[in-house]
Novice: 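Sending over a structure as structure tokens; questions will come in a sec.
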Amino acid sequence: MEFTREIYWNVGHGAGTLVPMYVLLLAALCILVWGSWQRIKIYRLGRELQRIDDLPRRVAEALYQVLAQLRVMRVKGAGTAHGLFFWGFFLLFVGTCLIVLQADVTDPLFDVKFLKGPFYLLFSLVLDIAGAIAIIMLAGLFVRRYLLKPPGLETRREDAFIHVLLMVILLTGFVIEGARMAVTEIGTNLSLWSPVGLLFAKGLAGIGEDGQRALHAGLWWLHLLLALGFVAALPFTKLRHILTTSANYIFVDHGPKGGLVTLDMENEEVERFGTANLGDLTWKDIFDADACTLCKRCQDRCPAYATEKPLSPMKVINQLQEIAFNSPASSLTETVGQDEIWSCTTCRACQEICPAVIEHVPKFVDMRRNLVLMEGQFPGEEVMTAVDNTEVNGNPLGLAFAARGDWAEGLGIKALADDPDVDLLYFVGCYASFDKRNIKIARSFVTLCQAAGLKVGILGKEEKCCGEPVRKLGNEYLYQSLASENIERIQDYGVKQIVTTCPHCFNTLGKDYADLGLDVPVEHYTVFLD
């Protein structure tokens, strides 16, 4: 006998089956499209943002990330279970598509059957194993959510709906297979290639052929309705992450990691800086909020949350989603809370671990920009003092800018104002200029460079704070003032290379200053010395 099986066995392949099946499929797809469009209309309330440049590359990267489940499986345990469940369910989806392709396209139109012979045996084995893995992983995720209950994991009514729906779809699929095999394959070599289905077939042996056929026909239609219900439910439940997370891999920021949007502070037509309400967010910000699955990875890695500050990145993103879809007139600051906004350290740990590539930090900084630039609000007196010191003295410590180069006394190093002919500019930074421990680092770095025969120059009293602290606080105006002065001096002296020992200066000069016109290579001292 040829290794194959009759598709649409027991339910028929005529109009009585195909017409209602495809009518229901069309209805499910219409609901999916309509529901998705309702959400897209909310995304469009946000400001424009270019995230579809170099689209082929973006799509290729997205396909790789989705199919490989790399970001999902970075966290062991639940991440691994989710990845394995995805692959199992995905293979079942592919298998269903191949069945429909042969039964309704290639066979009736071209008399081509590919589900036969060795390929069909492999097809049967792979799908059985995939289905079993999907069931086991789904059960494990159920135990984790409802029995182990990890701290901070929010569980809602829709989570139970999703678990039950997926499990019933998987189990009914195996019962259908078992009923068919009990009538047509049990006792043959072919049945050995569907080991899980064979177990169900043996379990159904006692109800007889009439019972097996009746069970098969009834569950076949129920399984179809559940699968189409799954499709229709995508936009209305957390299942939409199948679409939104996949799309978010396309919309990922290809700019410098950790970079922020540079505001045009000279544009007099701008009525408000930063974000205060829904319309101030970009469409990507709103899309991010809708892509969140409340997996709590960002919360688990947030240093503010870990030290019991009033901040959960997960909850803030969820609050933005609530505003966008339920109360668009609400104030972002009032809903999120100023204590939460100021608690963020902008470390990006949340973004690095997020499986949906949500961009948390820019949202916090933009809300701070509104508080600082429009409302004149800061988180406390110490911060205001540091900002005032930076504005007056060029450093947050409040020390005299004229003493910024005193740390280099006795090293034979000159400021560029006295000797601009150097191999490299050492951008020292505030702490290496004034803090006793960091001064040792600065002196050691210069000593190593001199031992290598390099002539090092500094800006000395002409150097200002790079501006990174005040920028992350939301004071974009002061940041750009400091940065513009530093860039002007660097360009005036014709500097060809910059090295810094401060990671904040390195990130700011190397990435952010490019938006303001600096085009000079910047290296961290570790890389430079190596």
Novice: Can you check whether Pro150 reaches Arg144 side chain to side chain, under 4.5 Å on heavy atoms?
Specialist: yes
Novice: Does Gln69 reach the main-chain N or O of Arg71 with its side chain, forming a donor-acceptor pair under 3.5 Å?
Specialist: no
Novice: Side-chain donor-acceptor pairs under 3.5 Å in residues 380-389, sequence neighbours left out?
Specialist:
unit_1, atom_1, unit_2, atom_2, d
Thr385, OG1, Glu381, O, 2.9
Asn389, ND2, Thr385, O, 3.3
Asn389, ND2, Pro396, O, 3.2

Novice: Would Ile286 and Leu320 count as a side-chain contact (heavy atoms from CB on, under 4.5 Å) here? Give the steps.
Specialist: CA-CA 7 Å; Ile286 303 174; Leu320 296 183; over 6 Å; no
Novice: If the condition is salt bridge (charged side-chain N to carboxylate O under 4.0 Å, His left out), which residues does Asp300 pass it with, not counting sequence neighbours?
Specialist: Lys296
Novice: Applying salt bridge (charged side-chain N to carboxylate O under 4.0 Å, His left out) between Glu352 and each of Arg297, Arg301, Lys257, report the one that passes.
Specialist: Lys257
Novice: Of all residues at least two apart in sequence or in a different chain, which pass the salt bridge (charged side-chain N to carboxylate O under 4.0 Å, His left out) check with Asp288?
Specialist: Lys284, Lys363
Novice: Of all residues at least two apart in sequence or in a different chain, which pass the salt bridge (charged side-chain N to carboxylate O under 4.0 Å, His left out) check with Glu463?
Specialist: Arg404
Novice: Over 60° means perpendicular and under 30° means parallel, so tell me whether His241 and His82 are parallel, tilted or perpendicular.
Specialist: tilted
Novice: Determine, for Lys238 against Glu158, whether the closest basic-nitrogen to carboxylate-oxygen distance falls under 4.0 angstrom.
Specialist: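 So Lys238 does not pair with Glu158 through a salt bridge.
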Novice: Considering only distance and modelled atom types, tabulate donor-acceptor pairs under 3.5 Å from the side chains of residues 22-30, sequence neighbours left out.
Specialist:
unit_1, atom_1, unit_2, atom_2, d
Tyr22, OH, Asp104, OD2, 2.4

Novice: So, the side chain of Asp515 versus the backbone of Thr262: is there a donor-acceptor pair under 3.5 Å, distance only?
Specialist: no
Novice: Report the C-alpha separation of Lys511 and Leu260 in whole Å, then their side-chain angles, then the decisive distance to 0.1 Å, and conclude whether the side-chain contact (heavy atoms from CB on, under 4.5 Å) test is met.
Specialist: CA-CA 9 Å; Lys511 298 176 181 178; Leu260 296 170; over 6 Å; no
Novice: With Asp54, which residues qualify under salt bridge (charged side-chain N to carboxylate O under 4.0 Å, His left out), at least two apart?
Specialist: Arg57
Novice: Looking at Arg58 and Ile250, would you say the former's side chain and the latter's main chain have a donor-acceptor pair under 3.5 Å?
Specialist: yes
Novice: Quick one: ring pair (Phe, Tyr, Trp, His ring centres under 6.0 Å) partners of Tyr305, sequence neighbours excluded?
Specialist: none
Novice: Between Arg47 and Thr275, does any side-chain donor sit less than 3.5 Å from a side-chain acceptor?
Specialist: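 Thr275 and Arg47 do not have a side-chain donor-acceptor pair below 3.5 Å.
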Novice: Closer than 3.5 angstrom, by distance alone: can the side chain of Thr335 be matched with the main-chain N or O of Leu332 as a donor-acceptor pair?
Specialist: no
Novice: Hey, which of Leu397, Asn395, Thr390 is the one that makes side chain to side chain contact (heavy atoms under 4.5 Å, CB included) with Asn393?
Specialist: Asn395
Novice: With distance as the sole criterion, is a donor-acceptor pair present between the side chains of Gln480 and Glu476 under 3.5 Å?
Specialist: yes
Novice: Closer than 3.5 angstrom, by distance alone: can the side chain of Thr96 be matched with the main-chain N or O of Leu92 as a donor-acceptor pair?
Specialist: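 Between the backbone of Leu92 and the side chain of Thr96 there is a qualifying donor-acceptor contact (under 3.5 Å).
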Novice: Identify each donor-acceptor pair in which a side-chain atom of residues 163-172 lies under 3.5 Å from a protein atom, sequence neighbours left out, and give them as a table.
Specialist:
unit_1, atom_1, unit_2, atom_2, d
Thr172, OG1, Val168, O, 2.7
Thr172, OG1, Ile169, O, 3.0
Thr172, OG1, His223, ND1, 2.9

Novice: Let me see the working for Lys315 and Glu322 under salt bridge (charged side-chain N to carboxylate O under 4.0 Å, His left out), right down to the final yes or no.
Specialist: CA-CA 10 Å; Lys315 291 182 179 179; Glu322 287 291 324; over 6 Å; no
Novice: Could you work out, with ring pair (Phe, Tyr, Trp, His ring centres under 6.0 Å) as the rule, every residue matching Trp87, not counting sequence neighbours?
Specialist: none
Novice: More than 12 heavy atoms of other residues, nucleotides or ligands under 6.0 Å from CD of Glu334: is that the case?
Specialist: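 For Glu334, atom CD is not crowded (no more than 12 foreign heavy atoms under 6.0 Å).
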Novice: Using atom types as modelled and distance alone, determine if a side-chain donor or acceptor of Arg369 lies under 3.5 Å from a backbone N or O of Asn475.
Specialist: no
Novice: Between Ser312 and Gln299, does any side-chain donor sit less than 3.5 Å from a side-chain acceptor?
Specialist: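 Present: a donor and an acceptor within the cut-off.
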Novice: Would you find more than 12 non-hydrogen atoms of other residues, nucleotides or ligands less than 6.0 Å from Phe236 atom CZ?
Specialist: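 Buried by this count: over 12 neighbours within 6.0 Å.
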Novice: May I ask you to check whether Phe89 and Phe85 place their ring centres under 6.0 Å from each other?
Specialist: yes
Novice: Can you name the residues that form a side chain to side chain donor-acceptor pair (under 3.5 Å) with Thr155, not counting sequence neighbours?
Specialist: Arg145
Novice: Phe161: what forms a ring pair (Phe, Tyr, Trp, His ring centres under 6.0 Å) with it, not counting sequence neighbours?
Specialist: none
Novice: I'd like to know if the side chain of Asp159 and the backbone of Arg156 have a donor-acceptor N/O pair within less than 3.5 Å.
Specialist: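 Present.
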Novice: Tell me whether Asn277 contacts the main-chain N or O of Ser330 through its side chain, where contact means a donor paired with an acceptor under 3.5 Å.
Specialist: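 Between the backbone of Ser330 and the side chain of Asn277 there is no qualifying donor-acceptor contact (under 3.5 Å).
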Novice: If every non-hydrogen atom of Leu127 is compared with every non-hydrogen atom of Gly95, which pair is closest and at what distance?
Specialist: CD2-CA, 3.8 Å
Novice: For a quick test of reading the model, state the closest non-hydrogen atom pair linking Gly274 to Asp280 and the distance between them.
Specialist: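 Heavy atoms only, the tightest pair is O-CB, 3.8 Å.
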Novice: Under the side-chain contact (heavy atoms from CB on, under 4.5 Å) rule, what do Asn370 and Phe273 come out as? Steps first, then yes or no, please.
Specialist: CA-CA 6 Å; Asn370 181 261; Phe273 294 109; over 6 Å; no
Novice: Does a side chain donor of either Glu359 or Gln351 reach within less than 3.5 Å of an acceptor in the other side chain?
Specialist: no
Novice: Short question: side chain of Thr500, backbone of Phe427 - any donor-acceptor pair under 3.5 Å?
Specialist: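 Checked: pair present.
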Novice: Within a radius of less than 6.0 Å around OH of Tyr64, do more than 12 heavy atoms belonging to other residues, nucleotides or ligands occur?
Specialist: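 Not buried by this count: 12 neighbours or fewer within 6.0 Å.
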Novice: Start with the C-alpha gap between Asp530 and Tyr525, add the side-chain angles, then the distance that decides, and say whether side-chain contact (heavy atoms from CB on, under 4.5 Å) holds.
Specialist: CA-CA 8 Å; Asp530 183 63; Tyr525 79 105; over 6 Å; no
Novice: For Asn486 and Cys465, which heavy atoms make the closest approach, and how far apart are they?
Specialist: ND2-O, 3.3 Å
Novice: Which word best sums up how the rings of Trp283 and Phe251 line up, parallel for under 30°, tilted for 30 to 60°, or perpendicular for over 60°?
Specialist: perpendicular
Novice: Between Leu311 and Cys302, what is the shortest heavy-atom contact and its length?
Specialist: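 Where Leu311 meets Cys302 most closely, the heavy atoms are CD2-SG, 4.0 Å.
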Novice: Could you pull out all residues at least two apart from His524 that satisfy ring pair (Phe, Tyr, Trp, His ring centres under 6.0 Å)?
Specialist: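 For His524 the ring pair (Phe, Tyr, Trp, His ring centres under 6.0 Å) partners, ignoring immediate neighbours, are Phe506.
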Novice: Between Tyr513 (side chain only) and Cys466 (backbone N and O only), is there a donor and an acceptor less than 3.5 Å apart?
Specialist: yes
Novice: Determine whether the side chains of Asp285 and Thr282 contain a donor N or O and an acceptor N or O closer than 3.5 Å.
Specialist: yes
